[in-house]
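Everything below concerns the one structure shown next.
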Amino acid sequence: MKKNAIKCVAILCLSLVMYLSFRIINGIQQKKISDKNTKTIPLFSFVSMSGKKFSNLDLPNVDAKIVFNYFSPDCDHCQYMATQYFKNREKLKDILILMITIADSNSVAVFSNNYQLSSMPNIILLRDDKYDFYKIFGTMNVPSFFIYRHKKLVKKIIGETKIENILAPI
């Protein structure tokens with residue numbers, strides 16, 4: 001009886017180690033794929049606040065700086081960044097900022113109103129209703145920033161940053 005219990009515990013431990021190893025290896029592979037896929041603006045499809053699909057095909061065909069900003073309306077760092085966007089709106093006017101979140105439309109609308117983002121035509125708020133951001137960009141951390149110039153990734157920032165890092169010439 002005692003031998004059976006020891007065998008069961010050993011099997012459970014081995015199974016747990018195998019499962020965790022699989023998860024780690026899978027995460028590393030996903031990270032490599034997303035790093036490769038984000039060297040240029042990746043294929044994506046999110047939902048605009050009006051409910052329409054917004055994808056890479058909807059981006060203007062210009063070589064302007066484009067910032068993908070993954071955020072949450074509840075995140076203090078994201079709220080700070082939103083105040084910085086509005087405060088620096090003149091300096092940011094030639095930068096397209098795509099703000100992407102998994103939050104519901106009502107939370108995003110309140111966030112947009114609180115930080116006057118709807119008054120900035122260069123900011124597009126998008127919902128990731130299929131939870132694809134992680135699959136595409138390899139992170140779920142908020143805030144996260146992927147900055148492109150000439151459709152090529154020039155800077156990746158995971159976590160809080162200063163507005164100067166968004167405004168910096170590239």
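FYI, side chains are in, hydrogens and waters are out, and symmetry mates aren't considered; it's all heavy atoms of this structure. This chain uses plain numbering: 1 for the first residue, then up along the sequence.
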Item checked: Donor on one side chain, acceptor on other, S144 and N141, under 3.5 Å -> no
Notebook entry, point to check: Got L98 and F54 here, is their nearest side-chain heavy-atom distance under 4.5 Å?
Noted result: yes
Next item on the list: Can you measure from CG (N106) to CE (M49) and round to the nearest 0.5 angstrom?
Entry: 10.5 Å
Notebook entry, point to check: Just by distance, do the side chain of D58 and the backbone of S55 share a donor-acceptor pair under 3.5 Å?
Noted result: yes
Checklist line | Approximate separation, where rounding is to 0.5 Å, of I102 CD1 and D129 CG | finding: 11.0 Å
Margin query: Would you compute the distance between atom CD of Q84 and atom CD of Q79 and round it to the nearest 0.5 angstrom?
Written below: 13.0 Å
Check: Quick check: does any side chain N or O of N88 sit under 3.5 Å from a backbone N or O of L92, one acting as donor and the other as acceptor?
Finding: no
Notebook entry, point to check: Is a donor on one side and an acceptor on the other found under 3.5 Å between the side chain of R127 and the backbone of A103?
Noted result: yes
Note to self: Looking only at the aromatic ring of each residue, does the gap between the centers of F137 and Y70 stay below 6.0 angstrom?
What the structure shows: no
Notebook entry, point to check: L96 versus P60: any side-chain heavy-atom pair under 4.5 Å?
Noted result: yes
Notebook entry, point to check: Minimum heavy-atom separation for S48 to L126, with atom names?
Noted result: CA-CD2, 3.7 Å
Next item on the list: Over 60° means perpendicular and under 30° means parallel, so classify the ring planes of F133 and F146, tilted if in between.
Entry: perpendicular
Notebook entry, point to check: Could you give the distance from NZ (K39) to NZ (K156), rounded to the nearest 0.5 Å?
Noted result: 11.0 Å
Notebook entry, point to check: What heavy-atom pair brings R149 and A64 nearest, and what distance separates the two atoms?
Noted result: CD-C, 4.2 Å
Check: About how many Å separate CD1 of I124 and CG of L117, when rounded to the nearest 0.5 Å?
Finding: 12.5 Å
Item checked: Sidechain-backbone polar pair: K65 side chain, I166 backbone, donor-acceptor under 3.5 Å -> yes
Next item on the list: Could you please spell out the steps behind the side-chain contact (heavy atoms from CB on, under 4.5 Å) verdict for F71 and L125?
Entry: CA-CA 10 Å; F71 80 101; L125 292 160; 3.9 Å; yes
Check: Of all heavy-atom pairs between S45 and K53, which one has the smallest distance, and what is that distance?
Finding: OG-CG, 3.1 Å
Item checked: Distance (rounded to the nearest 0.5 Å) between K151 NZ and I41 CD1 -> 6.5 Å
Margin query: Between V142 and Y80, is there shared hydrophobic-cluster membership here, with clusters defined by ILVMFWY side-chain heavy atoms closer than 4.5 Å?
Written below: no
Checklist line | Shortest non-hydrogen contact between Y85 and M99, atoms and distance | finding: CE1-SD, 3.8 Å
Notebook entry, point to check: Is a side-chain donor or acceptor of N69 paired with a backbone partner of F145 at a separation under 3.5 angstrom?
Noted result: no
Notebook entry, point to check: Under a single-linkage definition using a 4.5 Å side-chain heavy-atom cutoff for Ile, Leu, Val, Met, Phe, Trp and Tyr, are M120 and I97 assigned to the same hydrophobic cluster?
Noted result: yes
Note to self: Determine whether D128 and Y134 satisfy the following criterion, side-chain contact (heavy atoms from CB on, under 4.5 Å), listing intermediate values before the conclusion.
What the structure shows: CA-CA 10 Å; D128 179 13; Y134 172 74; over 6 Å; no
Next item on the list: Any chance you could lay out the side-chain contact (heavy atoms from CB on, under 4.5 Å) test for F68 and I136, step after step, and finish with the verdict?
Entry: CA-CA 12 Å; F68 288 77; I136 298 167; over 6 Å; no
Item checked: Short side-chain to backbone donor-acceptor contact, S112 and V108, under 3.5 Å -> no
Checklist line | Selection residues 158-170 - residue pairs positive for salt bridge (Lys or Arg N to Asp or Glu O under 4.0 Å), sequence neighbours left out | finding: none
Note to self: Let's go through F44 and L59 carefully: what are the C-alpha distance in whole Å and the side-chain angles of both, what is the deciding distance for side-chain contact (heavy atoms from CB on, under 4.5 Å) to 0.1 Å, and is it a yes or a no?
What the structure shows: CA-CA 11 Å; F44 68 88; L59 292 173; 4.0 Å; yes
Check: Are I123 and V110 connected in the hydrophobic side-chain network, where two residues link if heavy atoms are under 4.5 Å apart?
Finding: no
Check: Side chains of T161 and M81: does their closest heavy-atom pair fall under 4.5 Å?
Finding: yes
Next item on the list: Give the ring-plane orientation class for Y115 versus F111, where under 30° counts as parallel, over 60° as perpendicular and anything between as tilted.
Entry: tilted
Notebook entry, point to check: Counting distance only, does the side-chain N/O of K155 pair as donor-acceptor with the main-chain N or O of A168 below 3.5 Å?
Noted result: no
Checklist line | Check: N122 and D94 side chains under 4.5 Å, non-hydrogen atoms | finding: no
Next item on the list: List the atom of N56, the atom of P42, and the distance in Å for their closest heavy-atom pair.
Entry: CB-O, 3.8 Å
